[in-house]
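Atoms within a ligand are numbered from 1 in the order they appear, just like the ligands themselves. Nothing fancy with the numbering, it's 1 onward along the sequence.
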Amino acid sequence: TEAITVGDLAKRMGVKAAEVVGRMMKMGMMVTLNQSLDTDDAGIVASEFGFEIERVGFEEEGLLAAHEDSPEEMETRPPVVTIMGHVDHGKTSLLDSIRHADVVSGEAGGITQHIGAYDVHLPNGGQVVFLDTPGHEAFTQMRARGSQVTDVVVLVVAADDGIMEQTKEAISHSKAAGVPIVVAINKIDKPGADPERVRRELSERGLVSESWGGDTITVEVSAKTGQGVEELLEMLQLQSEVLELTANPNKPARGHVLEARLDKGRGPVGTVLVQEGTLKAGDSFVCGTFAGKVRSMLDDRGKPVDLAGPSIPVEVQGFGGVPEAGDEFSVVDSEKVARQIADHRAMKKREAELSAKTKTSLEGFFEKM
Ligand code: GTP
Ligand code: MG
């Protein structure tokens with residue numbers, strides 16, 4: 001897509017093809033009419049005739065590994081679940097409680113939070129990936145850009161408090177994104193717990209509980225005592241079976257950045273949720289306006305890994321700069337391609353910023369008149 005033939009270049013410049021070939025020979029380039037020139041060479045030749053090459057039609061889609069997945073390439077992947085809810089309703093406590101059900105971290109003894117995502121292995125062999133609330137920002141960002149990382153939302157509602165402001169926000173976010181909601185009615189152990197009131201308030205917002213004849217799954221839980229947590233996990237597995245979540249693990253990885261930061265010792269690092277393909281150590285990638293190469297990957301427990309398949313969150317080291325939460329992450333063929341795409345995006349971004357600036361200053365100008 002980046003190449004142009006000598007003949008075409010001549011035509012575009014309105015110059016005789018023989019003249020172009022002749023001039024190029026003088027420049028030490030032996031070419032034929034149908035020979036393709038890359039952008040750099042075409043630029044040199046064009047400038048000889050007083051023209052400038054404009055890089056229109058730079059198609060990054062062609063450079064990003066485009067691959068049509070056939071049905072037989074698709075494999076089941078774990079659900080990615082985001083926990084949302086009003087402040088203090090028990091999101092963090094519930095996650096802690098869920099992670100106690102994790103057979104892997106159970107073996108390891110102490111649980112250390114490493115990245116804002118957890119890959120939980122259940123006793124029945126199932127697997128569910130949870131995104132902590134810091135993922136909230138990325139969630140909103142990505143929705144604004146029309147992409148999605150979450151398969152299911154667990155809406156935590158304290159049974160003694162009911163639906164509050166952030167509960168409502170979470171409901172409208174999830175609905176707008178078309179993500180199914182499973183409600184965890186938490187703090188059921190408390191004396192003031194009134195789960196029926198919560199169900200009533202939910203139904204007023206269009207989430208009619210199954211026990212009321214609707215199709216919203218509600219589970220009464222206590223993050224404190226652990227009551228109902230197993231049932232909640234079963235419901236999440238059930239929900240994910242209904243969704244038939246699949247991805248092709250055998251291709252270059254693509255995913256999104258959940259969070260990123262500049263680490264003093266390791267440089268820019270970002271938590272990437274792989275959504276399709278498999279991410280490998282050494283892969284070249286482009287992310288937002290940055291190119292990069294996977295120098296190292298850590299799993300949710302801070303353990304180095306070489307591979308990360310669909311639905312798996314990993315902390316990646318090797319970004320060319322700190323990306324933004326919600327940025328798309330794509331593995332490409334080579335470092336060169338990664339740089340080409342990143343440069344192109346950076347240029348586009350600068351152009352957009354510049355035109356936005358011009359526009360606002362013009363608007364300001366007209367307002368003053
Ligand atoms: P933010 O992150 O600040 O929005 O809060 P959160 O939703 O993560 O709530 P968190 O888990 O921090 O819990 C808030 C308070 O409720 C803490 O004091 C918890 O101990 C308490 N709590 C959470 N779950 C339960 C529960 O099931 N029963 C009881 N009795 N207390 C709970
Ligand atoms: Mg919390």
Requested in this report: Nearest heavy atom to atom 10 (P) of ligand 1 wins, so pick from Ser93, Gly85, Pro191.
Outcome: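 Heavy atom nearest to atom 10 (P) of ligand 1 belongs to Ser93.
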Query raised in the report: Nearest heavy atom to atom 21 (C) of ligand 1: which of Lys187, His89, Gln227, Gln166 does it belong to?
Result: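 Ranked by closest heavy atom to atom 21 (C) of ligand 1, first place is Lys187.
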Query raised in the report: Looking at CD1 of Ile163 and CD of Gln166, how far apart are the two atoms once the value is rounded to the nearest 0.5 Å?
Result: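 These two atoms lie 13.5 Å from each other.
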Check ligand 1 against [X] and write out every atom of the ligand that is under 4.0 Å from a heavy-atom position of the residue.
{"X": "Lys224", "answer": "26 (C), 27 (O), 28 (N), 29 (C), 30 (N)"}
{"X": "Ser222", "answer": "27 (O)"}
{"X": "Lys190", "answer": "30 (N)"}

Any nitrogen or oxygen of [X], main chain or side chain, under 3.5 Å from a nitrogen or oxygen of ligand 1?
{"X": "Val87", "value": "no"}
{"X": "Lys91", "value": "yes"}
{"X": "Ala223", "value": "yes"}

Requested in this report: Given salt bridge (Lys or Arg N to Asp or Glu O under 4.0 Å), test Glu353 with Arg350 step by step and report yes or no.
Outcome: CA-CA 5 Å; Glu353 281 165 1; Arg350 275 196 304 275; over 6 Å; no
Query raised in the report: Does the shortest distance from the Mg ion (ligand 2) to an N/O/S atom of Ser93 fall below 2.8 Å?
Result: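 It does not: Ser93 brings no N, O or S atom closer than 2.8 Å to the Mg ion (ligand 2).
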Requested in this report: For Arg197 and Glu201, run salt bridge (Lys or Arg N to Asp or Glu O under 4.0 Å): C-alpha distance rounded to whole Å, both residues' side-chain angles, the deciding distance at 0.1 Å, then the answer.
Outcome: CA-CA 6 Å; Arg197 180 186 138 208; Glu201 291 173 348; 3.1 Å; yes
Query raised in the report: What do you reckon, are the aromatic ring centroids of Phe285 and Phe319 less than 6.0 Å apart?
Result: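 When the ring centroids of Phe285 and Phe319 are compared, they turn out to be within the sub-6.0 Å range.
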Query raised in the report: So, do Gln275 and Val149 sit near enough that their side-chain heavy atoms are less than 4.5 Å apart?
Result: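 With C-beta onward as the side chain, the pair touches.
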Report task. State whether the side chain of Asp161 and the backbone N or O of Ala158 hold a donor-acceptor pair below 3.5 Å, judged by distance alone. Result ->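 No; judged by distance alone, with no hydrogens or angles, the pair does not exist.
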Query raised in the report: So, Glu165 and His86: side-chain donor and acceptor under 3.5 Å apart, yes or no?
Result: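 Checked: Glu165/His86 side chains show no N/O donor-acceptor pair below 3.5 Å.
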Query - Test item: side-chain donor near acceptor, Gln317 and Ser296, under 3.5 Å - result: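 Result is yes, a qualifying pair exists.
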Query raised in the report: So which bit of Asp189 gets within less than 4.0 Å of ligand 1, heavy atoms only: side chain, backbone, both or neither?
Result: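 For Asp189, only side-chain atoms sit under 4.0 Å from ligand 1.
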Requested in this report: May I ask you to identify, for Asn186, whether its side chain, its backbone, both or neither come under 4.0 Å of ligand 1 on a heavy-atom basis?
Outcome: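 Asn186 to ligand 1: side-chain contact only, backbone stays beyond 4.0 Å.
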